Number of protein chains: 2
Amino acid sequence: MSTRARSNPLALAVLALLYERPTHPYDMAATMRERHKEDSIKLNYGTLYSVVQSLEKRGLIQVKEVVRDGRRPERTIYEITGAGKLELEDWLSELIAAPAREYTGFEAGLSLLGVLEPEEAVRLLEERRARLDEFLHASEAMRELAAKRGLTRLLLIESEYVTMLRRAEREWVARLIEDIRDGSFEGLETWRDWHRRIAAGLPHDPNHQL
Amino acid sequence: MSTRARSNPLALAVLALLYERPTHPYDMAATMRERHKEDSIKLNYGTLYSVVQSLEKRGLIQVKEVVRDGRRPERTIYEITGAGKLELEDWLSELIAAPAREYTGFEAGLSLLGVLEPEEAVRLLEERRARLDEFLHASEAMRELAAKRGLTRLLLIESEYVTMLRRAEREWVARLIEDIRDGSFEGLETWRDWHRRIAAGLPHDPNHQL
DNA sequence: CCTCCATTACTCGATGTCGAGTATTACGGT
DNA sequence: ACCGTAATACTCGACATCGAGTAATGGAGG
């Protein structure tokens with residue numbers, strides 16, 4: 001259809017909201033906030049309005065009516081189309097069924113870890129571990145609160161997923177720190193060597209081929 | 001400094017490459033390929049050149065010389081500046097030390113899981129589990145190959161991280177499937193109910209408040 | 001009843017990202 | 001000697017994303 005279809009999940013959220021009931025962009029944003037969807041789907045006003053326009057151009061949603069309350073700005077109410085419902089189900093299915101290459105900041109950082117000295121790397125990893133612990137505690141607290149309020153598991157499933165990933169990351173980071181510390185990290189000498197050479201402006205052969 | 005500084009990690013990779021030696025953008029791309037950096041840092045030609053320009057504007061890198069080989073296009077050789085070295089270390093440190101909110105497609109999908117029927121959700125999750133298994137096998141094979149070639153752990157650390165995350169995800173997805181299947185998933189009836197109402201066009205109260 | 005701040009609803013210009021396109025040369029095969 | 005394909009080095013225009021800005025209303029406090 002369009003050029004860069006299915007890039008921004010915010011468009012998927014729009015389809016999901018309009019699947020429930022017709023409404024206008026500002027209200028979509030407010031609803032996303034109330035339901036804590038903005039924790040899992042990046043929300044930005046400018047982007048929201050442009051994403052809505054793009055969905056309209058693609059025939060997945062359409063204007064239902066334009067209402068004006070006094071002299072406030074007009075509210076443009078959209079509704080989902082048949083094609084939009086199909087797109088919603090198909091896109092959502094893809095997101096669930098197909099693991100995708102995602103580029104995270106930490107992964108990028110790890111791939112350049114050799115730029116730092118091992119000691120510096122350890123210091124930074126320890127800070128990460130501490131922050132992950134904070135996150136996990138906060139997350140635990142929220143979970144208890146949510147349980148008290150009788151929130152069902154379906155409503156917390158994204159958060160359950162993210163917390164599980166963070167817990168796994170925490171354990172991995174902790175082990176990595178140990179390995180570098182006690183010298184069992186394989187290739188530690190090469191790492192140090194490479195670093196000394198760079199600092200001295202010497203040629204270095206970062207033997208990176210697979 | 002600039003408006004949207006530290007957004008694209010590709011800029012970090014550029015700084016890291018110029019930290020090793022002066023070179024031109026096209027060669028940076030080639031080097032990133034050779035070293036499998038493009039697996040962890042998204043590489044795109046257009047973006048690369050615009051990112052380089054932005055780094056130059058910010059004074060983090062500068063043109064060293066412009067050479068021409070016969071009648072080929074000119075190659076613009078860049079080198080890193082003092083400010084650039086500081087930025088490299090600071091940015092990299094931040095990526096390692098501070099866990100950041102990352103928005104993944106799967107998380108977005110999970111947060112809208114209620115749009116699907118439980119049975120459909122299970123089918124899709126099973127497909128995901130199968131694909132994760134494939135990924136993990138391929139990853140295992142690569143790991144053995146890399147070991148044979150004597151690659152050091154530092155060079156594979158990003159891949160080790162990603163594989164560990166995928167393994168954790170696989171186990172979580174498997175448990176989730178079980179819970180929905182055997183009915184122990186809390187709130188399954190509410191889920192089904194909500195769905196019936198939507199399908200019938202009835203009012204539904206998606207009680208999402210925290 | 002007046003003032004101030006939050007809320008409502010959206011717009012705009014700058015900046016970032018995408019990937020196909022261009023033009024040249026090197027090189028292997030026949 | 002000729003052809004086709006890969007590699008070299010970069011450009012361009014369409015599209016996406018960002019977040020500050022705008023302009024009106026409603027309500028709480030003095």
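Since the structure is predicted, the reported quantities are computational estimates derived from the model, not experimental observations. Just so it is clear, the values below take in all heavy atoms, side chains as well, and ignore hydrogens, waters and symmetry mates.
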Contacts of type side-chain contact (heavy atoms from CB on, under 4.5 Å), residue B/N44, not counting sequence neighbours:
B/T47

Atom pair distance, as rounded to whole Å: [atom1] in [X] and [atom2] in [N]:
| X | N | atom1 | atom2 | result |
| --- | --- | --- | --- | --- |
| B/R6 | D/dC18 | CZ | C1' | 19 Å |
| A/I77 | C/dA9 | CD1 | C1' | 11 Å |
| B/L10 | C/dG16 | CG | P | 13 Å |
| A/L55 | D/dA16 | CG | P | 10 Å |
| A/R68 | D/dA23 | CZ | P | 14 Å |
| B/R4 | C/dG13 | CZ | P | 16 Å |
| A/M28 | C/dA9 | CE | C1' | 12 Å |
| A/E74 | D/dT25 | CD | C1' | 16 Å |

Mind checking what makes ring-ring contact (aromatic ring centres under 6.0 Å, His included) contact with B/F135, not counting sequence neighbours?
none

Tell me, please, which residues at least two apart from A/W191 pass ring-ring contact (aromatic ring centres under 6.0 Å, His included).
A/F185

Return the angle between end axes of the helix from C/dC1-D/dG30 to C/dT30-D/dA1, with five pairs used per end and rounding to 10°.
20°

Using the side-chain heavy atoms of [X], tell me which of these nucleotides is nearest: [options].
| X | options | value |
| --- | --- | --- |
| B/Y49 | C/dT17, D/dC10, C/dA9 | D/dC10 |
| B/T76 | D/dC10, C/dT8, C/dC18 | D/dC10 |
| A/R75 | D/dT17, C/dC10, D/dA9 | C/dC10 |

Please confirm whether the shortest side-chain N or O distance from [X] to OP1 or OP2 of [N] is below 4.0 Å.
| X | N | answer |
| --- | --- | --- |
| A/N8 | D/dA16 | no |
| A/H24 | C/dT8 | no |
| A/Y26 | C/dC10 | no |

All side-chain hydrogen bond (donor to acceptor under 3.5 Å, both in side chains) counterparts of [X], not counting sequence neighbours:
| X | answer |
| --- | --- |
| A/R153 | A/E160, B/D179 |
| A/Y26 | none |
| B/R68 | none |

Under 3.5 Å, which donor-acceptor pairs link side chains of residues 115-126 of chain A to any protein atom two or more places apart or in another chain?
residue : atom : partner : partner atom : Å
A/E119  : OE1  : A/R192  : NH1          : 3.4
A/E119  : OE2  : A/R192  : NH1          : 2.5
A/E120  : OE1  : A/R123  : NH1          : 2.8
A/E126  : OE2  : A/R181  : NH1          : 3.1
A/E126  : OE2  : A/R181  : NH2          : 3.2

Distance only, no hydrogens: is a donor on one side chain within 3.5 Å (strictly under) of an acceptor on the other, for B/T152 and A/T190?
no

For A/S54 and A/R4, does a side-chain donor sit closer than 3.5 Å to a side-chain acceptor?
no

Pairs involving residues 73-88 of chain A, ordered by first then second residue, that meet salt bridge (charged side-chain N to carboxylate O under 4.0 Å, His left out) (sequence neighbours left out):
A/R6-A/E87

Considering only residues two or more places apart or on different chains, which pairs with a residue in residues 165-174 of chain A satisfy salt bridge (charged side-chain N to carboxylate O under 4.0 Å, His left out)?
A/R128-A/E169, A/D133-A/R170, A/R166-A/E169

Walking DNA chain D from its 5' end, the first of A/S50 and B/D27 to be reached, judged by nearest nucleotide, is B/D27

So, with a heavy-atom separation below 4.0 Å from DNA chain C, the residues of residues 40-47 of chain B are B/K42, B/N44, B/G46, B/T47

When you look at B/R101 and B/E107, which way does the salt bridge (Lys or Arg N to Asp or Glu O under 4.0 Å) test go after all the steps?
CA-CA 12 Å; B/R101 256 291 23 195; B/E107 193 188 343; 3.1 Å; yes

Atom pairs under 3.5 Å, N or O on each side, protein against nucleotides 22-25 of chain C: can you list them with distances?
residue : atom : partner : partner atom : Å
C/dT25  : O4'  : B/R72   : NE           : 3.4

